[in-house]
Structure formats: structure tokens, C-alpha cells
Amino acid sequence: MNQIVEPSSSFTFPANFVWGVATSSFQIEGAANEDGKGPSIWDEFCRVPNAIADKSNGDVACDHYHRWEEDLNLIASLGVDAYRFSVSWPRVRPGGAEAWNEQGLAFYERLVDGLLECGIKPYLTLNHWDLPAALQAKGGWANRDTVHRFVEYACHVAKRMGDRVAAITTHNEPWVMANLGHETGDFAPGIKNRKIAMQASHHLLLSHGLAVQALQAQGCKSNLGIVLNLSPVVPATDTPEDKALAQLKDGKLVRWYMDPLFNKGYPQDVLAYLGEDAPKLQDGDLRDIAAPMDFLGVNYYSRKVASSNGDWNVHKGGLPFTDMGWEIYPEGLSELLLRLNRDYALPPIYITENGAAFKDAITDEKIHDIQRANFIARHIDAVGEVMAKGVSIKGYMVWSLLDNFEWASGYEKRFGIIHVDYATQKRTLKDSAHWYRDFLLRMKAGQGQTEILAGRV
Ligand code: IFM
């Protein structure tokens, strides 16, 4: 396929729809030991033998800490409305408690001010996985004390930047931190214990709710929310075993987070399944988790297929895959959003991450990543479809601005719409970036209309 797919239908996007690109601190910044930054759990995890596929680490990554102005210019050149980035907690509070690091805070303030000067809305995430290692030494997210350290961190960052950022996300993908970090051990901190994982998930949710309340109490003007990684979970076959497994996987991935956030408590079927491994709650925790928020961020990459004969990524239906081995299934985004809209009393939704890793070939200094552009175009189409059906979606952000450190896959998987040559740190816009920029230009060209026809590429 060498042409970008024309979406099957046209949908309207309001003129104030927020189009963006996204990154996270550990994946791009580098400068792991500079200007007073403390170690994070990912700095430590990268040193565990065989934890990272290519044995790499985040010491340099995309060197964004030093090249942020060049990256800001690239973001601006795309014509996006918003840039979603995360603050590295150990860069601004190296030990996770006690002293703040002025140089770290100043770095993010420069970035925020630079974005505003370019007319780009900053969407700040507080926790995109890089917990200070000093807090992990005290039990990390499994220790209830970390909840309170997080609230302090949230309040301090908001005091410094909350007047200038459009949105503050508490956590990015708590399921990943809890389950991949504490149950399977594939991600930092590399723990393999389901009971600890579920307690960590509870503390992540609790810290979200308490942080939202504390930020509101201190008069923070930014919109406040959380970002979840969500997917429809479908049974591989119609057998009772696969259907029951799909129900359980849906419970652990979707309902375990959505239900308490939207005042339904933890799902009974998952609690029953967990038995002794269910988290310990204190009085008032569920009320605090359900603190009303301004938006829900949804990260969507693929659906999950539950098979009792294999793992939950067993595929069916002959769909093509990305380089991560994930099915390309934009319909799953529509299915997911319609289901969320049906089952919960939702605040506005942002699609805070969507994108794909593919093996990119460089030809004459160009990267013809038509598959990635198609992936993005088809998912934008899915967003338009559900908006036309009444779901309130306020924005869409491509993951990712740059190729970057893809966690346990190291630098082998490339999600960027901008290519990074890690040897030279040269950035090159891929065709997907050109496509996204041109698409947005067409959006802007329609300014003045209340509704803009989108989806045509
Ligand atoms: O790179 C990650 C990101 O940090 C969180 N969401 C999924 C992306 C792709 O795996």
C-alpha cells in the first residue's frame, strides 16, 4: 500500500478540537544524571541484565533535555494545537520527598513558556512511569506513603506551572505500572507479585483522586484528569472458556480502573477472582478515587483477543499487525468509545495516545511511512465516527512526536512521526508527519466555520 487511505466517510470536527502530539520524559529526555536529577525506577531497571531488549537505557535517549528548543520548533512546524509531555518526578524532586530541584523545575517552566510563545497548549502529565528510585526503596506504589508524596509533588508542580498548562494528567496508564511493573515484572520496578500489583493499582488510583482534590483546593486552573490504556477485549472463539476469559480480562484492564473512577467501586467479579490478592482499602478511599475530574484520557493502540489456549494477544481474523505485534484495528477505538459512553457518566474524552511502530526505511533521507500515516488517518476517522454518534471527544494526540525509548523494547521499536538517528540525534520528518501537518493545515484553512470537514486525506 503506497497511498494514504481515503477514510470511508467524512466527519465533522469542531474548530476548537485539540490536535496534538505526545511524548514522555524518560522516553526522550536523556540527561539522566544532570542538573540534580535523581535516579528513577526506569534508570535502575535498565541496569537489570536482559530487562531491555537491546540492552539500552534512557541516559541519552533523544537528548531532548538539551535539544528541547529544536524539538519545540519541530512541534510548532507541525501546526498542532497541543503538546502532551510528562514531568520527570525525580528531576524535580530527586529523592521523591524533601528537597526540590530548582534546575529541574526551571527546565519544565522553560518548555511550558516556550510552548505558549508558539501558541501551543501544554498538556502536562505528572507520572509517566518514572517514579523516583528513592521511593521504590521504601516500597514504591505498594506503599501507601507514596500516595501522599505524589500529592505533594502534584501540588508543587501545579503551583509552579498550573496557571499556564491547559491540562494536568495525574497518571499515564496505571494498568501498565501496576500489572507490567508489579505482576509480570516486564517493566520497572520488575516485581512479580499479583498482590503487590493490585495494592499498587489501588494506590495509583487513590493518589489520582487525592491529587485532583488537592489541586482543586489550591485553586489550580488547569483541567484535571487521568489517562488510561483501554481496549475492547474480545473472545478468540465462542467457547464459554474464551468468553469467560474475555470478561475477566476486560474486568482487569477496563472496569478495574473505570468503575472506581466513575463511582462504581471495584468490579465484584475481579475482586472474587483476586481473593486474598485484592487490595486493602481504608474508609473513604473509594469516595476519594471517584473525585470528579475534567477529562478522561484514552490511549488506544489495538484490541485484545482473549484465548484460553494462549495468551491474550492471540490474534484472529487475519488483521495486519504493527511492529509491536499488535493488530491494526481502528474499529476497536469506535467500539471502545461507544461502550465507555454507554456504561459511564463521562467527562469529555481526549484520545491522548494513538499511533504505531513500524520498521522505517530511509530512502534519500526520506521516510515513506505510509502505513503509519494510514494508521493515524483511520483512527481519526474512528474518532469522527463516534463524535457523530454523540460521544464528547475534545482532542486527539499522536503517539509519538519522536522515535524514542520504547521501554522494554529499547530503541528497536519506532513510534515517531519524526525519525531520530540516535547516533547523530538528527531529526527527520517522516511522511506521516508531513501528512499530519497537511491534514491540520486543511483544518486551519477552514477556520471561521463552526464545523470543519475532516478525515479527507
Ligand atoms: O510508548 C508507550 C507510552 O509510553 C505509553 N503508551 C503506549 C506507548 C507505546 O507502547
Side-chain angles (χ1 to χ4, degrees), residues 20-30 40-43 45-46 51-54 56-58 61-62 64 83-89 123-131 169-181 184 186-189 204 225-231 253-254 257 296-304 312-313 321-329 332-333 336 349-360 369 371-372 375-376 379 396-420 422 432:
V21 282
T23 63
S24 87
S25 48
F26 191 82
Q27 293 179 273
I28 65 166
E29 284 179 2
S40 77
I41 55 172
W42 273 93
D43 290 306
F45 190 63
C46 289
I52 311 298
D54 60 3
S56 62
N57 56 51
C62 305
H64 169 77
Y83 175 53
R84 176 172 179 252
F85 66 98
S86 76
V87 172
S88 158
W89 184 351
Y123 277 62
L124 182 155
T125 299
L126 289 162
N127 173 24
H128 199 124
W129 311 356
D130 40 1
L131 181 77
T169 292
T170 53
H171 301 297
N172 182 74
E173 303 184 352
W175 179 89
V176 172
M177 286 183 274
N179 290 63
L180 301 188
T184 68
D186 293 326
F187 280 12
L204 283 159
I226 191 168
V227 167
L228 304 181
N229 57 303
L230 299 175
S231 297
L253 177 73
V254 179
Y257 295 92
L296 171 70
V298 172
N299 292 352
Y300 176 79
Y301 290 89
S302 185
R303 68 176 176 180
K304 307 284 184 190
W312 72 329
N313 276 317
F321 305 128
T322 69
D323 196 29
M324 297 298 282
W326 300 343
E327 282 179 327
I328 300 175
Y329 188 61
L333 180 55
L336 171 72
I349 292 177
Y350 287 84
I351 307 306
T352 34
E353 285 182 27
N354 176 241
F358 289 110
K359 291 201 189 312
D360 295 319
D369 62 333
Q371 275 186 300
R372 187 176 287 104
F375 183 101
I376 296 168
H379 285 79
Y396 171 92
M397 309 201 184
V398 172
W399 184 270
S400 181
L401 172 72
L402 303 170
D403 290 336
N404 58 48
F405 177 79
E406 178 52 27
W407 308 111
S409 304
Y411 297 95
E412 288 177 353
K413 306 294 179 193
R414 291 178 177 268
F415 275 89
I417 58 172
I418 297 180
H419 180 269
V420 176
Y422 295 112
S432 56

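None of these values were measured; they are calculated from a predicted model. Whatever order the structure lists them in is the order used to number ligands and atoms, beginning at 1.
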Could you list which atoms of ligand 1 come closer than 4.0 Å to a heavy atom of Phe415?
-> 9 (C), 10 (O)
Glu406: numbered ligand 1 atoms lying under 4.0 Å from its heavy atoms = 1 (O), 2 (C), 9 (C), 10 (O)
Hey, does Asn299 come in under 3.5 Å of ligand 1, counting only N/O atoms on both sides?
-> no
How about Phe187 and Trp129: are their ring centroids closer than 6.0 Å?
-> yes
Main-chain N/O of Val227 paired to Asn172 side chain as donor or acceptor, under 3.5 Å | no
Please confirm whether Trp326 comes under 4.0 Å of ligand 1, counting heavy atoms of the residue only.
-> yes
Within-cut-off N or O pair, Glu173 and ligand 1, under 3.5 Å | yes
CZ of Arg84 to NE2 of His128: how many Å apart, nearest 0.5 Å?
-> 6.5 Å
Looking at ligand 1, does any of its N/O atoms fall within less than 3.5 Å of an N/O of His128?
-> yes
In terms of heavy-atom contacts, Gly410 and Ser56 come closest through CA-OG, 3.5 Å
For the pair His64 and Phe85, evaluate side-chain contact (heavy atoms from CB on, under 4.5 Å) and give the outcome as yes or no after the intermediate values.
-> CA-CA 11 Å; His64 169 77; Phe85 66 98; over 6 Å; no
Check: Trp407 N/O within less than 3.5 Å of ligand 1 N/O = yes
Looking at atom 6 (N) of ligand 1, what's its closest protein heavy atom, distance included?
-> Glu353 OE1, 2.5 Å
Pair Tyr411 and Phe405, ring centroids less than 6.0 Å apart | yes
